[in-house]
**Student:** 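Can you read through this structure? Questions will come right after.
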Amino acid sequence: MAGCGTGDLPLADRLLAWYDRSHRHLPWRVSPGDRRAGIVPDPYRVWLSEIMLQQTTVASVKSYYETFLRRWPDIGALAAAHVDDVMKAWAGLGYYSRARNLKKCAETVAGRHAGIFPDTVARLKELPGIGDYTAAAIAAIAHDRPVAVVDGNVERVVARLAAIATPLPAAKPAIRAFVEEVLSRDRPGDFAQATMDLGATICTPRRPACILCPLAPDCKALAAGTQEAFPVKPDKADKPQRRGAAFVAVRADGAVLLRQRRAEGLLGGMSEVPGSAWNARIDGSTGLESAPFAADWKKCGAITHTFTHFRLTLSVYRAEIPEKEAPPGHWWSMPAELAGEALPTVMKKAIEAAIEGATKKQQQG
DNA sequence: CAGGCGTGGTA
DNA sequence: TTACCAAGCCT
């Protein structure tokens with residue numbers, strides 16, 4: 001390593017030196033410079049960002065994080081919020097059980113912990129929505145505890161460093177043991193963020209920038225030229241196709257009829273337009289038999305949407321409804337309110353298809 | 001442990 | 001267009 005300058009330093013020190021000059025600037029992050037100046041992260045912000053970032057990209061999270069922080073600046077504010085307002089604010093971000101657990105967790109911390117987040121992994125894991133990763137992340141980043149923080153980035157980094165051939169998730173214990181062995185005891189929070197930044201910007205899933213990697217001298221996969229072969233993951237089953245019908249009832253004043261989904265399961269607790277179940281084979285039928293009530297339903301198109309474990313094709317119907325009371329469990333949402341409803345993306349697509357379809361017909365006619 | 005659970009971006 | 005992926009959790 002003579003001539004490499006820092007090649008003789010421990011792995012953690014080389015990683016932290018890289019992080020000090022190459023870290024990402026993120027709204028929820030305390031930069032290494034600020035941390036050295038004594039600025040302490042707000043556990044509420046760390047927690048909020050970590051929940052949002054579960055299986056979700058930084059780019060998607062940023063605007064939601066800013067909105068939530070402005071509207072609910074601390075744990076007390078979020079604990080006092082109405083869960084329906086939280087669901088509305090979360091709409092579009094996905095994995096909606098996170099939003100319900102976020103609210104439950106805020107209530108627990110505000111009520112039973114006097115508004116103070118626990119600082120141990122074990123206590124943090126008792127809270128709803130906080131698992132192995134998030135508990136470790138909060139302990140390390142918010143409380144500077146020397147714990148192993150292992151997310152998808154770190155799994156990839158370590159699997160390559162140590163050329164771990166065991167497929168995930170069986171390889172997780174070995175990966176965790178590696179991190180516990182090398183993590184910084186002086187700067188645990190920065191070390192955790194540094195490993196994740198390295199995975200996100202250098203040690204990427206495809207075409208990693210090994211030439212820029214501060215850990216290249218340590219990397220067994222790089223030495224063998226097999227970086228992209230790690231981590232080893234099982235094959236994923238292909239997604240089945242489901243079909244269904246969605247009914248967009250539009251009143252003369254433009255209001256759209258909505259209802260709420262059950263709290264559990266897919267899109268739990270979110271709002272939707274009335275529709276059929278999503279496993280029905282309506283190939284031979286019109287789909288109209290599942291309409292919420294009799295009306296002059298006109299098919300105005302179909303939308304497709306891909307969920308985690310199936311593809312959905314929705315036939316979209318629209319009807320102009322004269323002044324009519326909403327059926328039990330339903331409500332009319334005025335145009336000005338519609339954008340603020342707790343509508344998942346698939347429902348926004350369906351409503352859009354109905355409105356657009358009608359607009360086109362008007363223009364043509 | 002395996003499978004349910006969203007969405008948008010990228011190659 | 002298909003396939004994979006992104007700071008996972010819960011049952």
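On a predicted model such as this, the values are computed, not experimentally measured, just so you know. Residue numbering restarts at 1 for every chain, and letters A, B, ... go by the order of the sequence lines.
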**Student:** In this structure, how many angstroms lie between the P atom of dG6(B) and the CG atom of L267(A), rounded?
**Tutor:** 5 Å
**Student:** L53(A) has an atom CG; how far is it from atom P of dG8(C), in whole Å?
**Tutor:** 8 Å
**Student:** How far does the P atom of dC5(B) sit from the matching atom of dA6(C), given to the nearest Å?
**Tutor:** 22 Å
**Student:** For a quick check of understanding: with a heavy-atom distance under 4.0 Å over all strands, which category does L26(A) fall into, base, sugar-phosphate or nothing?
**Tutor:** base
**Student:** Would you say the base of dG6(B) and the side-chain of T308(A) have a donor-acceptor pair closer than 3.5 Å?
**Tutor:** yes
**Student:** Scan W90(A) against the nucleic acid and name what it touches under 4.0 Å (heavy atoms): base, sugar-phosphate only, or nothing.
**Tutor:** nothing
**Student:** Answer with base, sugar-phosphate or nothing: what part of the nucleic acid does R156(A) contact at a heavy-atom distance below 4.0 Å?
**Tutor:** sugar-phosphate
**Student:** Can you check the M196(A) CE to dC5(C) P distance for me, whole Å?
**Tutor:** 19 Å
**Student:** Under 3.5 Å, is there a donor-acceptor pair linking the side chains of Q54(A) and Y133(A)?
**Tutor:** no
**Student:** Could you check A59(A) against Y95(A) and say which one's nearest nucleotide on DNA chain B is further toward the 5' end?
**Tutor:** Y95(A)
**Student:** Q55(A) or K239(A): which one's nearest nucleotide on DNA chain C is closer to the 5' end?
**Tutor:** K239(A)
**Student:** Measure CZ/F310(A) against P/dG4(B) and give the value in whole Å, please.
**Tutor:** 10 Å
**Student:** Without decimals, in angstroms, what is the distance between R98(A) CZ and dC5(B) C1'?
**Tutor:** 10 Å
**Student:** With respect to the side chain of P344(A), which nucleotide from dT7(B), dC9(C), dC5(C) is positioned closest?
**Tutor:** dT7(B)
**Student:** To the nearest Å, how far apart are F307(A) CZ and dG8(B) C1'?
**Tutor:** 14 Å
**Student:** Is there a side-chain contact between T345(A) and the phosphate of dT7(B), meaning an N or O under 4.0 Å from OP1 or OP2?
**Tutor:** yes
**Student:** Just to be sure I understand the rule, does T306(A) reach a base, reach only the sugar-phosphate, or reach nothing, if contact means heavy atoms closer than 4.0 Å?
**Tutor:** base
**Student:** Does dT7(B) have OP1 or OP2 sitting under 4.0 Å from an N or O in the side chain of Y96(A)?
**Tutor:** yes
**Student:** When you compare the side chains of H305(A) and K349(A), does any donor N or O come within less than 3.5 Å of an acceptor on the partner?
**Tutor:** yes
**Student:** Just call it for S97(A): base, sugar-phosphate, or nothing, with non-hydrogen atoms closer than 4.0 Å on any strand.
**Tutor:** nothing
**Student:** Considering only heavy atoms and no angle criterion, is a donor-acceptor pair shorter than 3.5 Å present between the side chain of T56(A) and the base of dG6(B)?
**Tutor:** yes
**Student:** Would you tell me whether E341(A) and S333(A) have side-chain atoms, one donor and one acceptor, within less than 3.5 Å of each other?
**Tutor:** yes
**Student:** Students often get this wrong, so: under 4.0 angstrom with heavy atoms, is R100(A) touching a base, only sugar-phosphate, or nothing?
**Tutor:** nothing
**Student:** Would one find a side-chain N or O of H309(A) under 4.0 angstrom from OP1 or OP2 of dC5(B)?
**Tutor:** yes
**Student:** For the side chain of T134(A), counting heavy atoms from C-beta on, which of dC9(C), dC5(B), dT7(B) is nearest?
**Tutor:** dC9(C)
**Student:** Report which part of the nucleic acid G92(A) touches: base, sugar-phosphate, or nothing (heavy-atom distance under 4.0 Å, all strands).
**Tutor:** sugar-phosphate
**Student:** Is there a donor-acceptor pair under 3.5 Å between the side chain of R98(A) and the backbone N or O of M52(A)?
**Tutor:** yes
**Student:** Applying a 4.0 Å non-hydrogen cut-off, can you work out what D238(A) is touching in the nucleic acid: base, sugar-phosphate, or nothing?
**Tutor:** nothing
**Student:** Does dG9(B) have its OP1 or OP2 closer than 4.0 Å to a side-chain nitrogen or oxygen of S60(A)?
**Tutor:** no
**Student:** Taking the six-membered ring of W332(A) as reference, does the cationic atom of R259(A) (NZ for Lys, CZ for Arg) lie under 6.0 Å from its centre and within 45° of its axis?
**Tutor:** no
**Student:** K236(A) side chain N/O closer than 4.0 Å to the phosphate oxygens (OP1, OP2) of dC5(C)?
**Tutor:** yes
**Student:** Rounded to the nearest Å, what distance is computed from the CG atom of residue D151(A) to the P atom of nucleotide dG8(C)?
**Tutor:** 5 Å
**Student:** At 4.0 Å (heavy atoms only), tell me whether I51(A) reaches a base, stays on the sugar-phosphate, or touches nothing.
**Tutor:** nothing
**Student:** Could you tell me how far apart M52(A) (CE) and dC9(C) (P) are, to the nearest whole angstrom?
**Tutor:** 16 Å
**Student:** May I ask you to check whether over 12 heavy atoms, not counting those of R185(A), lie within 6.0 Å of atom CZ?
**Tutor:** yes
**Student:** Examine Y64(A) together with W90(A) and report whether their ring centres are nearer than 6.0 Å.
**Tutor:** no
**Student:** Could you give the distance separating dG3(B) and dC4(C) at their P atoms, to the nearest angstrom?
**Tutor:** 16 Å
**Student:** For dG6(B) and H305(A) - does any side-chain N or O of the residue sit under 4.0 Å from the phosphate oxygens OP1/OP2?
**Tutor:** no
**Student:** Please state the P separation for the pair dG6(B) and dT11(C) - nearest whole angstrom.
**Tutor:** 14 Å
